[in-house]
Amino acid sequence: MVAYKLTYFNGRGAGEVIRQIFAHAGQDFEDVRVTMEQWPELKAGTPFGQLPYLEVDGKPLAQSHAIARYLAREFKLNGQCPWEEAQVNALADQFKDYSSEAKPYFYAKMGFGPGDVETLKKDVFLPAFEKFFTFLSNFLKASGSGFLVGKSLTWIDLAVAQHSADLIAQGIDFSKFQDLKAHSEKIQAIPQIKKWIDSRPETPF
Ligand code: GSH
C-alpha cells in the first residue's frame, strides 16, 4: 500500500485541494501541519523551499498543482479523456494567474502584506475576480453538466468550489455569479467532501 504524507501549514490555502482529492478517494494520508515557528528550520529541506509538498512512499513532490494533477490521475479526477484533462489543466493554470493577480489583496487581508485592504479589494481583487469568474461561468455553461469540464467531477471543481466557498464566507458579492455559488454548494455536498469539511481542522484561511 502506498504511504502518502502531505506537509503544509495549518490552513486550507494551496494544500486543501490535495486533502480533498484524498477525501474523495477515501485514501488515508498523513496531514502534517507545520507551524510558523517550525517552518524556518524545515524550509531548506523541502524541494523548492515552499509548502505544500507530498511524500509518496518517502519520495517528495512539490507544487500544489503538480501534486493535484498526479493524484487526480491516480484517483480518476482528471477528466474522462486527454482533451478533458487539457481543459482541466487550462482552468488550473488560469486559476494560478488569477491568484497571482489577486495576491496583494489576499496577503493584505491576511495581515501578511502591505496596503489598504479596501483599496486593494476595489482596484486589484474585484477586477481579477470578475474576469476569472466570468471564464468559470462560461465553462459551466459550455459543459451543461454542473461540472466545469465534461460530465463528471474533476479536481478543478474541488479547487474552485473551495475558493468560492471561502469568498462567500468573506462576504464577496456573488449576485452576478449565482451559477458558481450553486456549483460550490453542489460540489461541497458530495458526501465524501462534506464529511471531510465537517471534520477538518477549523482554520481562518
Ligand atoms: N506555486 C506554489 C504551489 O502552488 O505549491 C506556491 C507555494 C506557496 O506559495 N507556498 C507558500 C509558502 O510556502 C504558502 S501558500 N510560504 C512560505 C515561504 O515561502 O517561505
Side-chain angles (χ1 to χ4, degrees), residues 2-25 27-75 77-78 85-86 88-115 117 120-121 124-125 128-129 131-132 136 154-167 169-170 193 196-197 200-205:
V2 181
Y4 294 103
K5 177 175 169 182
L6 175 68
T7 303
Y8 189 56
F9 296 106
N10 186 26
R12 293 182 299 282
E16 184 62 15
V17 68
I18 300 163
R19 299 186 187 113
Q20 290 192 15
I21 293 171
F22 283 132
H24 186 264
Q27 172 65 52
D28 285 339
F29 70 105
E30 205 180 328
D31 188 13
V32 178
R33 292 168 182 249
V34 168
T35 65
M36 286 301 178
E37 291 70 38
Q38 294 169 314
W39 175 233
E41 243 183 76
L42 299 175
K43 187 175 169 82
T46 66
F48 298 145
Q50 287 198 308
L51 299 178
Y53 72 99
L54 177 72
E55 287 163 85
V56 182
D57 283 340
K59 289 179 295 177
L61 174 66
Q63 285 290 352
S64 58
H65 280 188
I67 298 166
R69 287 177 173 122
Y70 169 74
L71 293 176
R73 272 197 172 214
E74 290 288 313
F75 299 118
L77 285 178
N78 61 332
E85 184 170 8
V88 169
N89 286 339
L91 275 176
D93 286 356
Q94 194 60 35
F95 197 165
K96 281 278 182 203
D97 287 356
Y98 153 75
S99 301
S100 300
E101 282 172 43
K103 191 170 168 174
Y105 164 70
F106 289 123
Y107 269 44
K109 192 170 164 52
M110 291 187 293
F112 296 153
V117 176
L120 286 168
K121 181 177 177 182
V124 173
F125 169 72
F129 166 72
K131 184 172 79 170
F132 181 50
L136 293 173
T154 65
W155 71 271
I156 198 63
D157 288 302
L158 298 175
V160 167
Q162 183 58 55
H163 186 59
S164 298
D166 287 339
L167 293 178
Q170 288 168 28
I193 300 301
W196 166 255
I197 291 171
R200 71 187 171 191
E202 248 185 67
T203 55
F205 42 79

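Of all the heavy atoms in Pro201 and Asn10, the pair that sits closest is CB-OD1, 4.3 Å. The two residues Pro52 and Leu6 have their closest heavy-atom pair at CB-CD1, 4.0 Å. Closest approach of Ala108 and Pro114 over heavy atoms only: CB-O, 3.6 Å. The two residues Trp155 and Ile21 make their nearest non-hydrogen contact at CB-CD1, 3.8 Å.
For Arg200, the side-chain contact (heavy atoms from CB on, under 4.5 Å) test picks out Arg12, Glu16, Gln20, Gln162, Trp196, Ile197, with sequence neighbours left out. For Ala86, the side-chain contact (heavy atoms from CB on, under 4.5 Å) criterion is met by no residue, not counting sequence neighbours. With sequence neighbours excluded, the residues forming a side chain to side chain donor-acceptor pair (under 3.5 Å) with Asp93 are Arg69, listed by chain and number. Every residue was checked against the ring-ring contact (aromatic ring centres under 6.0 Å, His included) condition with Phe48, not counting sequence neighbours, and none meets it. Take Asp157 and apply the side-chain contact (heavy atoms from CB on, under 4.5 Å) test, not counting sequence neighbours, and it matches Phe147, Leu148, Leu153, Thr154, His183, Ile187. Annotation: ring-ring contact (aromatic ring centres under 6.0 Å, His included) contacts of Phe129 (sequence neighbours excluded): Phe125, Phe133, Phe174, Phe177. For Tyr98, the side chain to side chain donor-acceptor pair (under 3.5 Å) partners at least two apart in sequence or on another chain are His163.
Relative orientation of the Phe29 and Phe22 rings is parallel, given thresholds of 30° and 60° on the angle between their planes.
Here the side chains of Val88 and Asn78 are not in contact, with every heavy-atom distance at 4.5 Å or above. Contact annotation: the side chain of Leu158 approaches that of Leu77 to within less than 4.5 Å [non-hydrogen atoms, C-beta and beyond]. Taking the side chain as every heavy atom from C-beta outward, Asp166 and Phe205 never approach each other to under 4.5 Å. Using a 4.5 Å heavy-atom threshold, the side chains of Val2 and Val56 count as touching. Two residues are said to be in side-chain contact when any heavy atoms from C-beta on lie closer than 4.5 Å; Phe75 and Gln27 meet this criterion. The shortest distance between side-chain heavy atoms of Tyr8 and Ile18 does not fall below 4.5 Å.
Each side chain to side chain donor-acceptor pair (under 3.5 Å) pair with one or both residues in residues 45-66, not counting sequence neighbours, appears once here: Ser64-Lys96. Listed by first and then second residue, the salt bridge (Lys or Arg N to Asp or Glu O under 4.0 Å) pairs that reach into residues 28-52 are Arg19-Asp31, Asp31-Arg33, sequence neighbours excluded. Pairs passing the side chain to side chain donor-acceptor pair (under 3.5 Å) check and including a residue from residues 101-112, sequence neighbours excluded, read Glu101-Lys131.
Here Leu61 contributes atom CG and Leu54 contributes atom CG; the two are 6.0 Å apart, rounded to the nearest 0.5 Å. In this structure, Thr7 OG1 and Leu42 CG are separated by 8.0 Å, a value rounded to the nearest 0.5 Å.
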